[in-house]
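Working notes, beginning with the structure itself.
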Amino acid sequence: TFPERVIDVAKEGEGIDWGLYGLDKPLGTVTFKTSGGEQTTFEVSEKKNFEDASFVRRDNENRVLVVISIWQARVKKTAADFRDRHVLRHRIASVDTIKLKNSKGLQLIKRVEGSWTAPAQKELKLDQNKVREILTLIAEAQASEIIESHNNKPQGLKTLYTLELVMDGKTWTAEVGQGKDLVIFA
């Protein structure tokens with residue numbers, strides 16, 4: 001899936017002087033693994049050519065590939081950098097109920113026959129586009145950092161609201177808070 005990223009082949013065949021391209025002691029390796037179990041490993045050189053492109057070796061092939069320089073940055077990434085940072089990992093089209101609880105109380109919105117309604121306030125006519133816009137914003141929200149443990153949660157975290165979505169009969173809940181430094185956590 002990565003041939004389109006290869007700019008050129010600098011050298012190929014037997015007897016390559018890997019040190020000339022910095023691949024005798026690579027800066028690091030990047031391995032891509034598909035869900036089917038296939039994997040491709042790239043050794044990335046610290047050296048670049050005159051066009052600022054990087055040298056890589058794929059799966060111990062006897063070829064020196066020339067690729068865009070972003071590969072050196074990829075080597076420095078950790079597994080956490082490749083994580084899906086979306087807060088909600090479900091299709092928003094499957095949301096049937098939205099519950100928002102904050103200091104002012106609980107707001108319940110339900111989809112009934114394709115239209116969003118507020119059952120407790122039947123006279124309230126909801127703007128359907130605004131509800132879809134809010135759901136889209138929730139679906140697009142991404143974390144800037146993932147804290148692996150509740151033990152790392154900042155001190156003095158104040159809960160701002162709890163959001164509950166019901167999708168296909170399953171409930172998804174997010175508690176959103178703010179630290180003393182005004183950073184938002186979910």
Side-chain angles (χ1 to χ4, degrees), residues 1-5 28-42 67-186:
T1 60
F2 297 95
E4 70 276 7
R5 302 251 188 237
T29 60
V30 177
T31 301
F32 295 97
K33 190 171 186 176
T34 67
S35 56
E38 295 177 35
Q39 71 179 37
T40 302
T41 299
F42 294 88
V67 297
I68 58 175
S69 61
I70 192 75
W71 284 83
Q72 289 181 340
R74 285 183 177 145
V75 168
K76 296 173 184 167
K77 290 184 179 273
T78 65
D81 293 321
F82 292 96
R83 288 187 66 176
D84 183 355
R85 294 175 182 259
H86 284 91
V87 177
L88 174 66
R89 295 183 205 127
H90 298 279
R91 290 183 10 250
I92 60 170
S94 64
V95 176
D96 296 314
T97 305
I98 304 169
K99 291 181 185 176
L100 179 67
K101 183 179 179 184
N102 60 19
S103 60
K104 296 181 182 178
L106 174 70
Q107 180 64 53
L108 173 68
I109 301 172
K110 287 186 149 205
R111 186 170 45 182
V112 178
E113 297 176 6
S115 293
W116 290 100
T117 63
Q121 302 165 322
K122 294 186 193 261
E123 72 285 347
L124 185 64
K125 185 172 167 103
L126 299 179
D127 182 334
Q128 302 299 301
N129 289 327
K130 290 285 186 194
V131 175
R132 284 190 286 273
E133 183 181 323
I134 289 169
L135 285 171
T136 300
L137 289 171
I138 293 168
E140 291 174 353
Q142 293 190 32
S144 59
E145 184 179 350
I146 298 174
I147 298 173
E148 296 296 328
S149 166
H150 287 287
N151 297 335
N152 295 339
K153 198 162 73 169
Q155 297 296 321
L157 182 65
K158 176 185 170 191
T159 299
L160 300 173
Y161 62 89
T162 302
L163 177 65
E164 186 177 294
L165 305 176
V166 178
M167 299 163 277
D168 299 325
K170 296 178 184 170
T171 302
W172 175 91
T173 304
E175 184 178 314
V176 179
Q178 188 172 33
K180 289 181 180 176
D181 55 1
L182 304 180
V183 174
I184 303 293
F185 291 87

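Side-chain atoms are counted along with the backbone in the values below, which use heavy atoms only and exclude waters and symmetry mates. No experiment lies behind these values; they were computed from the predicted model shown.
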- Item | Stepwise side-chain contact (heavy atoms from CB on, under 4.5 Å) test for Q121 and E123 | CA-CA 5 Å; Q121 302 165 322; E123 72 285 347; 3.9 Å; yes
- Using the side-chain contact (heavy atoms from CB on, under 4.5 Å) rule, take L124 and T117 through it: C-alpha gap first, then chi angles, then the decisive distance, then the call. CA-CA 8 Å; L124 185 64; T117 63; over 6 Å; no
- List the steps and the verdict of side-chain contact (heavy atoms from CB on, under 4.5 Å) for L100 and I109. CA-CA 9 Å; L100 179 67; I109 301 172; over 6 Å; no
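The 12-atom threshold is exceeded at CD of Q142, counting heavy atoms of other residues, nucleotides or ligands nearer than 6.0 Å.
Formation of a donor-acceptor pair under 3.5 Å by the Q128 side chain with backbone atoms of W116 is found in this model. Side-chain N or O atoms of T159 include none that pairs as donor or acceptor with a backbone N or O of Y161 at under 3.5 Å. Counting only distance, with no hydrogens or angles, the side chain of D168 and the backbone of K170 share no donor-acceptor pair below 3.5 Å.
V183 is not listed as a side-chain neighbour of Q178, based on a closest heavy-atom distance of 4.5 Å or more. Side chains of L160 and N102 form no contact here, defined as non-hydrogen atoms less than 4.5 Å apart. I138 places a side-chain heavy atom less than 4.5 Å from the side chain of L163. Residues R111 and T97 are not in side-chain contact: their nearest non-hydrogen atoms beyond the backbone lie 4.5 Å or more apart. A heavy-atom distance below 4.5 Å is found between the side chains of V176 and I184. The closest side-chain heavy-atom distance from T173 to T162 is below 4.5 Å. With a 4.5 Å cut-off on side-chain heavy atoms, W172 and H90 count as touching. Residues V75 and T29 are not in side-chain contact: their nearest non-hydrogen atoms beyond the backbone lie 4.5 Å or more apart.
The two residues A139 and I92 come nearest to each other via the heavy atoms CB-CG2, 3.3 Å. Nearest heavy atoms, R91 versus S94: O-OG, 2.7 Å.
The OG atom of S103 sits 7.5 Å away from the NZ atom of K158 when rounded to the nearest 0.5 Å.
Using cut-offs of 30° and 60° for the angle between ring planes, the F42 and F32 rings count as perpendicular.
For K110 and D96, the salt-bridge test fails: no basic side-chain N is under 4.0 Å from an acidic carboxylate O.
Screening residues 131-140 for salt bridge (charged side-chain N to carboxylate O under 4.0 Å, His left out) gives no qualifying pairs among residues at least two apart or on separate chains.
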